[in-house]
Each structure stands twice: as C-alpha cells, then as structure tokens.
Asker: 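Below is a structure I'd like to ask you about.
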Amino acid sequence: MASETMTNVPVHVSMIMDGNGRWAKERGKERVFGHYEGVESVRACVEAAVENGVKYLSIYAFSEENWNRPQEEVTALMGLMVKAMAAEMKKLDRNGVRFMVIGNRERLGDSLNRTIDECMEMTAHNDTLTLIVFLSYSGKWDILQAARKMADDMMESPQKREEIESMGVEGFDRYLATAGIPDPDLIVRTSGESRLSNYLLWQGAYSELLFVDTLWPDFRKEEFRAALEYYSKRDRRYGKVK
C-alpha cells in the first residue's frame, strides 16, 4: 500500500526503458548483458507498483523501429522475452498480477507468441496489478491499425458509418490496441533522453512526463517511488482552470 505521505497515486504508470546498452558498455560488456540486468528492474518496478497501489504498469519493451537493430541483438532480445516470461509467470500469478502483451504480434515468432498466449491465459483472472508489455509496438502503428478497423466498420453498413461520423474521442479509443486500458497518468523515461520515441502518441496526450538520467538497469524501487512522489505533486488541469 502507498504510504500516508503519498497524496495522489497514479492509476497507470508507463515506463520507457532506456539505457540498457549504455549501462553494459560502461562495464565493458555486450549490449545484451544490459538487457538481462534490465529484467531485474522490471521485477523491482512490478513489486513497487503493487506495494504502492498502482493498478496498471506498462513497459515499452521493444518498438517497431527496434526491428532495425542488428539481428544478433534482436534474436537475443526475443530469447530473453521467452525466458523472462516463463520464469516470472508463476510468481506474477501468485501475487495477483495480470499479464498482457500489446503490439504487432504478427512480427513475433511462433515460440514467443505461444508463450505470450499461455502467460496471458494463466493470469487473466488477476486484478491486483495489470502488467502490460508493449512489444513490437509503435504509436503510429497503433493509430494506423485503429483507422483501418474504423474504415472496415464504415464499409460494413450505413448504420455504422453514421455512428462513426458522429463519434467522439472516446469512440476512437475502442479501436486502439489499448482499448479498455486507462490512459497512462505518468510516463517515465530513463537514461536522460527527452522524447517519447513513437510511444503511446494518442494515449499519452495528457500524461505527466518524467525524464530521469538513471539508466534502466539502475532504476529500482527507490527510483520508482521517487517517480510516484513527483506525480503526487503535479496539478493536472486537462486544459481547464482551477
């Protein structure tokens, strides 16, 4: 539970995990070593989210643009995903964590997709925390696939066309890959970079943004708690005057 000093706990915290490669390079290691250490940070943030009453924790694990990285690194990352999911799922299930993966899964291998399906099915009943892994995801891809779904619906019948033409923002939300998930209250990016990198472009329209210098493998419970403290002091007006 959140401590009494926390006046405003975000419902949904999202992490842009950056700095694994630099962390490894500083130690004279291969980039993949940083990715393995980054798994420990994910574990720490999940525990911190549960302890502080956060209901949704999402992590930007692999973007559509990341497919352009060297094949050796991509292969290692995909293997790491499978291992990490298989190793963590029973613990997540015991702790009431629901696991989800969102992204262009058509680009993922059969083995990884099978593991994802098994993990999502195993934890589907949990409601303490929803852990969302954005994998092979980009904000532009998400908006494009939503527009295609909407176009298909418009072509299906005159009635649906009329509904869509009078549709508001909330109506478009249901076409996004994140349908049913609250928009992130807080987006945190590690490693000192100050950009969203094509991440949750629609959903993050009113998110609080926090850019920290800490490299992702060094981002643990203390840093997560500091991010929550930062958020608790923000005055969110959504364009209104208070």
Side-chain angles (χ1 to χ4, degrees), residues 8-17 46 49 53-67 85 92 96-108 112-189 196-209 231 236-240:
N8 185 23
V9 176
V11 173
H12 182 177
V13 177
S14 194
M15 309 296 306
I16 300 177
M17 306 182 296
V46 169
V54 174
K55 299 304 292 183
Y56 292 83
L57 173 65
S58 56
I59 56 176
Y60 198 14
F62 192 88
S63 71
E64 286 253 283
E65 292 77 14
N66 287 156
W67 290 109
M85 289 178 197
L92 292 177
V97 178
R98 179 189 179 198
F99 177 81
M100 298 179 66
V101 169
I102 292 176
N104 184 4
R105 290 181 55 186
E106 292 179 2
R107 300 191 69 173
L108 304 179
L112 180 52
N113 271 319
R114 280 195 302 272
T115 301
I116 289 169
D117 288 337
E118 290 169 2
C119 294
M120 288 177 62
E121 183 178 356
M122 178 191 298
T123 63
H125 60 285
N126 295 329
D127 59 6
T128 299
L129 172 74
T130 298
L131 172 62
I132 305 156
V133 177
F134 284 92
L135 189 56
S136 188
Y137 175 88
S138 80
K140 290 183 178 181
W141 164 83
D142 197 358
I143 294 169
L144 180 60
Q145 65 85 34
R148 285 171 174 162
K149 288 180 186 176
M150 190 170 64
D152 288 342
D153 278 354
M154 288 186 74
M155 295 174 64
E156 191 173 303
S157 71
Q159 181 181 357
K160 284 199 172 184
R161 183 183 184 91
E162 291 175 7
E163 291 175 1
I164 290 170
E165 287 178 345
S166 62
M167 182 179 72
V169 169
E170 294 78 10
F172 188 73
D173 285 346
R174 72 172 184 262
Y175 289 102
L176 293 166
T178 54
I181 297 168
D183 292 342
D185 300 294
L186 173 65
I187 297 177
V188 182
R189 181 171 187 149
L196 290 177
S197 295
N198 202 3
Y199 181 55
L200 295 180
L201 300 181
W202 177 279
Q203 300 88 335
Y206 274 98
S207 303
E208 295 294 325
L209 305 178
Y231 175 85
R236 307 186 77 201
R237 295 187 296 273
Y238 299 98
K240 301 174 184 177

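Counting begins at 1 with the first residue of the sequence.
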Asker: Identify whether the distance between the nearest side-chain nitrogen and carboxylate oxygen of Asp117 and Arg105 falls below 4.0 Å.
Answerer: yes
Asker: Give every donor-acceptor pair under 3.5 Å between a side-chain atom in residues 175-183 and any protein atom, sequence neighbours left out.
Answerer:
{"unit_1": "Tyr175", "atom_1": "OH", "unit_2": "Asp153", "atom_2": "OD2", "d": "2.8"}
{"unit_1": "Thr178", "atom_1": "OG1", "unit_2": "Gln203", "atom_2": "NE2", "d": "2.8"}

Asker: Rounded to the nearest 0.5 Å, what's the gap from NZ on Lys140 to CH2 on Trp202? Could you check?
Answerer: 15.5 Å
Asker: Counting C-beta onward and ignoring hydrogens, is there a side-chain heavy-atom pair between Phe99 and Asn126 closer than 4.5 Å?
Answerer: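 Not in contact.
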Asker: Between Arg107 and Glu64, does any NZ, NE, NH1 or NH2 come within less than 4.0 Å of an OD or OE carboxylate oxygen?
Answerer: yes
Asker: Any non-hydrogen side-chain atom of Val133 less than 4.5 Å from a side-chain atom of Phe62?
Answerer: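 Val133 does not reach Phe62 side chain to side chain.
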Asker: Considering all heavy atoms of both residues, which atom of Ser136 and which atom of Leu108 are nearest to each other, and what is their separation?
Answerer: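 Scanning both residues, the minimum pair turns out to be CB-CD2, 4.1 Å.
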Asker: Mind listing the closest non-hydrogen atom pair of Ile164 and Met154 along with its distance?
Answerer: CD1-CG, 3.3 Å
Asker: Calculate, to the nearest 0.5 Å, the distance between atoms NZ and CD belonging to Lys160 and Glu163 respectively.
Answerer: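 If I round to the nearest 0.5 Å, the distance is 7.5 Å.
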Asker: May I ask you to decide if the ring planes of His12 and Tyr56 are parallel, tilted or perpendicular, using 30° and 60° as cut-offs?
Answerer: tilted
Asker: Under 3.5 Å, is there a donor on one side chain and an acceptor on the other for Ser197 and Tyr60?
Answerer: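 Their side chains do not contain a donor-acceptor pair, so the 3.5 Å distance test is not met.
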Asker: Mind checking the CG-OG spacing from Asn104 to Ser63? Nearest 0.5 Å is all I need.
Answerer: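 That separation rounds to 12.0 Å.
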Asker: Working to the nearest 0.5 angstrom, can you tell me the gap between Ser14 OG and Tyr199 OH?
Answerer: 2.5 Å
Asker: Would you say Asn198 and Glu65 are linked by a side-chain donor-acceptor pair, where the criterion is simply a distance under 3.5 Å?
Answerer: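 There is such a pair (donor and acceptor under 3.5 Å, judged by atom type) between the side chains of Glu65 and Asn198.
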Asker: Could you go step by step and tell me if Val13 and Tyr231 meet the side chain to side chain contact (heavy atoms under 4.5 Å, CB included) rule?
Answerer: CA-CA 10 Å; Val13 177; Tyr231 175 85; over 6 Å; no
Asker: Using salt bridge (Lys or Arg N to Asp or Glu O under 4.0 Å) as the criterion, list what pairs up with Glu170, not counting sequence neighbours.
Answerer: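 Applying salt bridge (Lys or Arg N to Asp or Glu O under 4.0 Å) to Glu170 gives none.
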Asker: Nearest heavy-atom pair of Phe172 and Ala146: which atoms, and what distance?
Answerer: CZ-CB, 3.7 Å
Asker: Charged N to carboxylate O under 4.0 angstrom, Arg161 versus Glu165?
Answerer: yes
Asker: Determine, stepwise, if the pair Ser207 / Leu200 fulfils side chain to side chain contact (heavy atoms under 4.5 Å, CB included).
Answerer: CA-CA 10 Å; Ser207 303; Leu200 295 180; over 6 Å; no
Asker: Could you measure the distance from the CD1 atom of Ile59 to the CG atom of Leu135? Nearest 0.5 Å is fine.
Answerer: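 Here the rounded value is 9.0 Å.
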Asker: Val54 and Leu129: which non-hydrogen atoms are nearest, and at how many Å?
Answerer: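 Looks like O-CD1, 3.3 Å.
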Asker: Could you please spell out the steps behind the side chain to side chain contact (heavy atoms under 4.5 Å, CB included) verdict for Leu131 and Thr123?
Answerer: CA-CA 10 Å; Leu131 172 62; Thr123 63; over 6 Å; no
Asker: How many angstroms lie between atom CD1 of Ile16 and atom OG of Ser58, to the nearest 0.5 angstrom?
Answerer: 9.5 Å
Asker: If you define the side chain from C-beta out and look only at heavy atoms, does anything of Met85 sit under 4.5 Å from Leu112?
Answerer: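 Met85 vs Leu112: side chains touch.
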Asker: If you apply the rule side chain to side chain contact (heavy atoms under 4.5 Å, CB included), what do you find for Leu209 with Leu196, and how did you get there?
Answerer: CA-CA 9 Å; Leu209 305 178; Leu196 290 177; 4.1 Å; yes
